[in-house]
Amino acid sequence: MVQAYILIQTEVGKAAAVAERIGQITGVITAEDVTGPYDVIVRAEADTVDDLGQLVVAQIQAVEGITRTLTCPVVHIK
């Protein structure tokens, strides 16, 4: 299982709607609107890195109101 945080910038006034819509996507663990340089932070998971990429590109980036995403895969350093 691969997990990642996806940092999202939205059009002005669209953060809450974007977070709500993304929260309904299969594979999304949480989607919250926040303040700061990003408007929404998402935690998502998929079986493989390729599946995670598909989730981000085909489903999350397709949500209306998103202007930019930054995907940060979770790593476990031992």
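Values below: every heavy atom of this structure, side chains too, minus hydrogens, waters and symmetry copies. Only a predicted model underlies this, so the values are computations on that prediction, with no experimental measurement involved.
The shortest side-chain heavy-atom distance between Glu45 and Val2 does not fall under the 4.5 Å cut-off. Contact of the Leu55 side chain with the Ile60 side chain is registered, since non-hydrogen atoms from C-beta on lie closer than 4.5 Å.
Panel note: side chain Gln3, backbone Pro73; no donor-acceptor pair is recorded below 3.5 Å. At distances below 3.5 Å, not a single donor-acceptor pair connects side-chain atoms of Thr67 with backbone N or O atoms of Glu11.
In the hydrophobic cluster analysis, where Ile, Leu, Val, Met, Phe, Trp and Tyr join through side-chain heavy atoms closer than 4.5 angstrom, Tyr5 is grouped together with Leu70. Val49 and Val28 fall within a single hydrophobic cluster, where Ile, Leu, Val, Met, Phe, Trp and Tyr side chains are chained together by heavy-atom contacts under 4.5 Å. Connection of Val74 to Ile41 is established within a shared hydrophobic cluster, with ILVMFWY side chains joined at heavy-atom distances below 4.5 Å, either directly or through further cluster members. Tyr38 is not connected to Val18 by any chain of hydrophobic side-chain contacts under 4.5 Å among Ile, Leu, Val, Met, Phe, Trp and Tyr, and they are in different clusters. A continuous path of hydrophobic side-chain contacts links Ile25 to Val40 [ILVMFWY only; heavy atoms under 4.5 Å].
The number of heavy atoms from other shown groups lying within 6.0 Å of CD (Glu64) does not exceed 12. More than 12 heavy atoms of other residues, nucleotides or ligands lie within 6.0 Å of CD in Gln61, so this atom counts as buried by the packing criterion.
With Val63 as the partner, the side chain to side chain contact (heavy atoms under 4.5 Å, CB included) test is satisfied by one option alone out of Ile22, Thr10, Thr69: Ile22.
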- Message: As a quick check of understanding, evaluate side-chain contact (heavy atoms from CB on, under 4.5 Å) for Cys72 and Leu7, giving each step before the final call.
- Response: CA-CA 8 Å; Cys72 304; Leu7 312 177; 4.2 Å; yes
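A pairwise comparison of heavy atoms in Asp51 and Asp47 identifies OD2-CB, 3.6 Å as the closest pair. When all heavy atoms are compared, the tightest approach of Ala31 to Ala19 is CB-O, 3.4 Å.
One distance of note links CD1 of Ile8 with CD of Glu32; it measures 12.0 Å at 0.5 Å rounding.
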